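Working notes, structure below.
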Amino acid sequence: MRAVRFHEHGGPEVLTVDEVDEPEPEYGQVVVDVEAAGVNPVDTYFREGAYPVPHLPFIGGGDLAGTVANVGQGVDGFAVGDRVYGTGLGKGMPGSYAEQAVAPADHLAHLPAEIDFIEGAALGTVGATAWQALVHHAAVDPAETVLVHGGSGGVGHMAIQLAETMGARVHATASPEHADDLEALGADEVFDYSRSDLADAVVDAGAPDAVVDLHMDQYLQFNTDVVNTGATVVGIGNDTAEGGFDNIGATKGKEVTFQFMSLFNADDLSAILAPLADLGARGELSPVVHRTYDFEDAGEAQRAVLEDSFVGKLVLEP
């Protein structure tokens, strides 16, 4: 089968399309015929060597959608031919950038017929991360206001939809060019992240009770300044390795809870993926796919996911 691998760490140019053996499932594992694989920034961290891989060469990629090709012993919930989608591959195990991928059963969920494979591949990491942030960590209720930093990104545009579905009022920061798209996804207010009066504008629109922060190195103090007392700030992404507070006392005065998270720490990914798929089937969540790429263009996709400005996700097709 064909797979996208890197034989050494480096830039996007180290990705190559190779012929490799088809995988065999071990106990508790499922082999999936991959119809589409999502592209996420975290995929590039493994390629660059910032995150470790168990061996080289290595197949990257965390998200997939396709049909079950083989089932290992100890798997009861899936059968050959089932439509599935999943996330969490590529960390300690080969990833999804291949014509077939093997996944632990608890990294998968059934994919309803209402969701096509490209959308399914785009949903896994970003949908599950938004769910962990808003449902698990922030426990948002319908009377609250949610602020999403980086609303046009993969996680950001799903967090907007999920918060709106939960009944919350949703604000987002983003480039002005994406404002109309984010409002169409459910954002009540979209703020130009570069405006000099951003903090005042956010407070005037309604101080948030929960924040989903994809740029936490930039906004730690900002979040404290604009949130309501007792708010929860969920930190997911960062652009640099350092961040801090100019006025740490304000966090105490408002009793702000800061929760930094990684989806890799989720106990049972399937328990998150299943309800996300149900929401998708009902039309309440829909990942925006900005562009699809062939395997031969995986390097360009990984460059674009870090450098280009767009709403939603990028997806590879074998």
Side-chain angles (χ1 to χ4, degrees), residues 34-41 61-67 83-88 96 108-136 140 142 146-175 177-190 212 214 236-237 263 269-293 301 304-305 308-317:
V34 178
E35 297 290 341
V39 180
N40 296 290
D63 290 343
L64 60 77
T67 57
R83 302 175 83 251
V84 295
Y85 83 114
T87 190
S96 59
L108 300 172
H110 291 279
L111 185 69
E114 295 86 351
I115 305 174
D116 66 36
F117 289 121
I118 292 175
E119 292 174 325
L123 180 58
T125 291
V126 297
T129 300
W131 181 282
Q132 280 292 89
L134 293 170
V135 178
H136 181 72
V140 169
V146 174
L147 172 64
V148 180
H149 288 302
S152 63
V155 174
H157 91 291
M158 292 305 300
I160 289 170
Q161 294 180 67
L162 182 59
E164 192 270 340
T165 296
M166 296 169 74
R169 182 171 175 80
V170 190
H171 300 159
T173 62
S175 298
E177 64 189 290
H178 301 314
D180 290 345
D181 290 333
L182 300 189
E183 289 174 359
L185 292 176
D188 296 285
E189 298 279 353
V190 180
V212 176
L214 281 301
I236 300 169
L263 186 62
L269 289 168
S270 63
I272 305 171
L273 294 172
L276 282 172
D278 289 341
L279 290 173
R282 299 203 301 261
E284 297 185 44
L285 293 177
S286 181
V288 174
V289 178
H290 174 69
R291 182 177 172 182
T292 62
Y293 294 81
V305 79
D308 291 355
S309 178
F310 55 87
V311 175
K313 290 294 303 297
L314 307 177
V315 173
L316 295 180
E317 293 183 277

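The structure displayed is predicted, hence computed values, not measured ones.
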Quiz item: Do V148 and V155 have side chains that get closer than 4.5 Å, going by heavy atoms?
Solution: no
Quiz item: What's the verdict on side chain to side chain contact (heavy atoms under 4.5 Å, CB included) for M166 and V135, showing C-alpha distance, side-chain angles and the deciding distance?
Solution: CA-CA 9 Å; M166 296 169 74; V135 178; 4.0 Å; yes
Self-check item: Test item: H157 side-chain N/O and V288 main-chain N/O as donor-acceptor pair under 3.5 Å
Solution: yes
Quiz item: What are the two closest heavy atoms between A168 and D188, and how far apart are they?
Solution: O-OD2, 4.5 Å
Self-check item: CA sep, side-chain torsions, deciding dist, call: E284, E164, side chain to side chain contact (heavy atoms under 4.5 Å, CB included)
Solution: CA-CA 9 Å; E284 297 185 44; E164 192 270 340; over 6 Å; no
Quiz item: With a 4.5 Å heavy-atom cut-off, do L147 and T173 have their side chains touching?
Solution: yes
Quiz item: Do L314 and H290 touch side chain to side chain, with heavy atoms closer than 4.5 Å?
Solution: yes
Quiz item: Within the side chain of T67, is there an N or O that forms a donor-acceptor pair under 3.5 Å with the backbone of R83?
Solution: no
Quiz item: Is a side-chain N or O of Y85 found less than 3.5 angstrom from the main chain of L273, in a donor-acceptor match?
Solution: yes
Practice problem: Might you work through the side chain to side chain contact (heavy atoms under 4.5 Å, CB included) test for S309 and H178, ending with a clear yes or no? | Solution: CA-CA 9 Å; S309 178; H178 301 314; 2.9 Å; yes
Practice problem: Quick one: do Q161 and L279 satisfy side chain to side chain contact (heavy atoms under 4.5 Å, CB included)? Show the steps, please. | Solution: CA-CA 10 Å; Q161 294 180 67; L279 290 173; over 6 Å; no
Quiz item: Looking only at heavy atoms, which two atoms of V190 and A174 are closest? And how far apart?
Solution: CG1-CB, 4.2 Å
